[in-house]
Each structure stands twice: as structure tokens, then as C-alpha cells.
Undergrad: 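Please find one structure pasted underneath; my questions will follow.
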Amino acid sequence: MWCLLESRQVGIAPKLQHTYEGPYLIIKKYSEINFLLQLDKHGKSRLVHHNKLKPYEGDQPPPWLVRARKKMLRNAN
């Protein structure tokens, strides 16, 4: 999932800045509207509202994301 960037960088026009960051892995669904995202391979996480998420549609997710997803699926079985 992509996550909306709410902060803006000083000195750069808003239309030239990135709107979303990621991709991130959803590791827990707290409710229909709140999700816990894994931000990097070290396990940092953040609670995010569903309005700030956008599906990742790329072909090549980062390697850490693929490994974390496989590990999560393996632990679920």
C-alpha cells in the first residue's frame, strides 16, 4: 500500500513533491478504517486511517516487502 504524505518540504513547489510514500505492508487490521503498516525491513510501524492509503500496483515490490509478506503468510498457516 502507498501512504499519503501529509508534510511538505520547504523550498519545493507542492506540485513537484511526492504525494505518496511506500510501498508498505499492512500487518494488522484494527477495524474497518484503521490499519497498522510496516514501514521498513526493521519492523518500524505506523497506525494509519484508510483514507490515507492507496493500493500498490507495481510489478516489483522492494525485496524486504516480499520477504516480510512470505514470513507473515508462513506464520499464519
Side-chain angles (χ1 to χ4, degrees):
M1 296 302 268
W2 292 103
C3 186
L4 181 66
L5 280 172
E6 296 181 283
S7 61
R8 297 290 177 214
Q9 295 176 347
V10 177
I12 299 176
K15 71 179 187 178
L16 297 177
Q17 295 180 16
H18 294 288
T19 309
Y20 288 88
E21 63 181 347
Y24 299 133
L25 178 65
I26 295 176
I27 54 176
K28 188 171 184 180
K29 180 179 177 181
Y30 283 106
S31 66
E32 292 297 318
I33 58 173
N34 292 317
F35 297 89
L36 187 65
L37 299 180
Q38 181 177 344
L39 304 178
D40 60 11
K41 64 182 177 181
H42 303 293
K44 289 184 181 180
S45 60
R46 178 170 50 176
L47 185 63
V48 179
H49 192 273
H50 80 283
N51 285 347
K52 297 179 183 177
L53 297 176
K54 178 177 162 181
Y56 177 74
E57 298 176 355
D59 294 332
Q60 295 292 334
W64 74 265
L65 190 70
V66 174
R67 287 190 301 270
R69 183 168 185 239
K70 285 180 184 178
K71 182 179 178 182
M72 190 171 74
L73 291 174
R74 197 174 330 121
N75 291 339
N77 291 332

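As a basis for the values below, the full set of heavy atoms in this structure was taken, side chains included, without hydrogen atoms, waters or symmetry mates.
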Undergrad: For residues 2-29, which residue pairs pass the salt bridge (Lys or Arg N to Asp or Glu O under 4.0 Å) check, not counting sequence neighbours?
TA: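 Found Glu6-Lys52, Glu21-Arg46, Lys29-Glu32.
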Undergrad: What's the spacing between Met72 CE and Ile26 CD1 if we round to 0.5 Å?
TA: 8.5 Å
Undergrad: Please enumerate all residues that pass side chain to side chain contact (heavy atoms under 4.5 Å, CB included) together with Ser31, with sequence neighbours excluded.
TA: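 For Ser31 the side chain to side chain contact (heavy atoms under 4.5 Å, CB included) partners, ignoring immediate neighbours, are Ile33, Asn34.
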Undergrad: Taking the hydrophobic residues Ile, Leu, Val, Met, Phe, Trp and Tyr, and joining any pair whose side-chain heavy atoms are under 4.5 Å apart, which ones share a cluster with Val66?
TA: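 Under the 4.5 Å side-chain rule, Val66 groups with nothing.
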Undergrad: Under the ring-ring contact (aromatic ring centres under 6.0 Å, His included) rule, what pairs show up with a residue in residues 10-31, not counting sequence neighbours?
TA: none
Undergrad: Met1, Leu65: one ILVMFWY side-chain cluster at the under-4.5 Å cut-off?
TA: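 No, separate clusters.
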Undergrad: What distance do Leu25 atom CG and Gln38 atom CD have between them, rounded to the nearest 0.5 Å?
TA: 5.5 Å
Undergrad: Side-chain contact test, heavy atoms from C-beta onward, threshold under 4.5 Å: evaluate it for Leu37 versus Leu53 and give yes or no.
TA: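 Of all side-chain heavy-atom pairs linking Leu53 with Leu37, at least one is under 4.5 Å.
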Undergrad: Taking only residues at least two apart or on different chains, which pairs with a member in residues 35-73 satisfy ring-ring contact (aromatic ring centres under 6.0 Å, His included)?
TA: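 Residue pairs with at least one partner in residues 35-73: Trp2-Tyr56.
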Undergrad: Restricting to side chain to side chain contact (heavy atoms under 4.5 Å, CB included), what partner residues turn up for Leu73, sequence neighbours left out?
TA: Arg69
